[in-house]
Structure formats: C-alpha cells, structure tokens
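Working notes for the structure below.
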Amino acid sequence: MESEEKALICPIEIAMEHINRKWVIQIIRDMFFGKKRFNEFKEGKPNLSNKVLSNCLKEMEENGLISRETNEGIEYKLTQKGQALNKVLYELAMFTLNTDINNRYYDDENKKELKKVFKEILL
C-alpha cells in the first residue's frame, strides 16, 4: 500500500520538496563555482542566519546533494546528485532571461553576459 501511494506523487513535487526551501537554490548555485566554506555562503546574504544555513547544509547533505570535506577546515561541495541540477538551473535561468517579464530586470547587454556566464558554469 505504501509503495502505491509513493508512486502517485508527482516527481516534480518530490524534487521541489528538496530544492524549494529558502536559500537552497542559492547555496547550490554558489557551489557551482566550487567548494565553499560555511562563511562563504553568507557573503552577499545578510538575511541568512547561521542556524538556517547550518540546517540547510545538514538537510542537503542528508539528501545527498552535497558532501562535507575536512581540509584545513570544513568545505562543502556538490555531489554528483547535486551537480545533476545544473541543467535544471540553466533552463530556469534561460527561461527568465528569454522571457524577462516587462523587460524590467535586464537590459540586452546584461542578458547577453548572464547567458554566457550561466552557459560556462552550468553546461
């Protein structure tokens, strides 16, 4: 009975349960640039508390999206499972850059540069 119930849940919903929590996408995005230490995640995110960050990292590690390494301190990196989100994040970025509702967020030069950056990082 339990396996029948699980089969009825949409796989998109399951994925979103894991990545749609506050800060998770930003943390994953930051790790596409390489390994990060705890305080590096907080750069540019003044509203991200130590407790919330710690809980996010712990949950992401439990879900197999990231791993923790100890090399002269603790560093976090994306696992193969976490890196598999690259195409999803790339497509989300391209959707935004190609539709840019009311052209209020980016001018043409910004769009061009962001497309280049996301292509280099995520593909």
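Sorted by first and then second residue, the salt bridge (charged side-chain N to carboxylate O under 4.0 Å, His left out) pairs involving residues 12-29 (not counting sequence neighbours) are R21-E59. Sorted by first and then second residue, the salt bridge (charged side-chain N to carboxylate O under 4.0 Å, His left out) pairs involving residues 113-123 (not counting sequence neighbours) form an empty list. Contacts classified as side chain to side chain donor-acceptor pair (under 3.5 Å) and involving residues 31-46 (residues at least two apart or in different chains) are given here: D30-K45, K35-E69, K42-N50. Screening residues 82-92 for side chain to side chain donor-acceptor pair (under 3.5 Å), with sequence neighbours left out, gives no hits.
Remark: I12 CD1 is loosely packed, at most 12 non-hydrogen atoms of other residues, nucleotides or ligands lying under 6.0 Å away.
Taking 4.5 Å as the limit, every side-chain heavy atom of I27 sits out of range of all side-chain heavy atoms of Y76. Looking at heavy atoms from C-beta onward, T96 lies out of side-chain contact with Y105 at the 4.5 angstrom threshold. L57 has its side chain out of reach of W23: every pair of non-hydrogen atoms, C-beta onward, lies at least 4.5 Å apart.
Between I121 atom CD1 and F32 atom CZ the span is 9.5 Å, to the nearest 0.5 Å. Atom CD of E61 is separated from atom CD1 of I66 by 6.0 Å, given to the nearest 0.5 angstrom. Rounded to the nearest 0.5 angstrom, L48 CG and L53 CG are separated by 5.0 Å. Distance check: K111 NZ to L114 CG gives 10.5 Å after rounding to the nearest 0.5 Å. The line from CG of L78 to CE of M31 is 4.5 Å long, rounded to the nearest 0.5 Å. Going from atom SG of C56 over to atom NZ of K51 covers 12.0 Å, rounded to the nearest 0.5 Å.
Not counting sequence neighbours, K58 has no partner by the salt bridge (Lys or Arg N to Asp or Glu O under 4.0 Å) test. Not counting sequence neighbours, the partners of S54 by the side-chain contact (heavy atoms from CB on, under 4.5 Å) test are F38. Scored by the side-chain hydrogen bond (donor to acceptor under 3.5 Å, both in side chains) test, N110 finds no partners at all (sequence neighbours excluded).
Side-chain atoms of T79 come within 3.5 Å of backbone atoms of L65 as a donor-acceptor pair (strictly under, hydrogens ignored). Here the side chain of T70 pairs no donor or acceptor atom with the backbone of G73 at under 3.5 angstrom.
Closest heavy-atom contact between I25 and I19: CG1-O, 3.4 Å.
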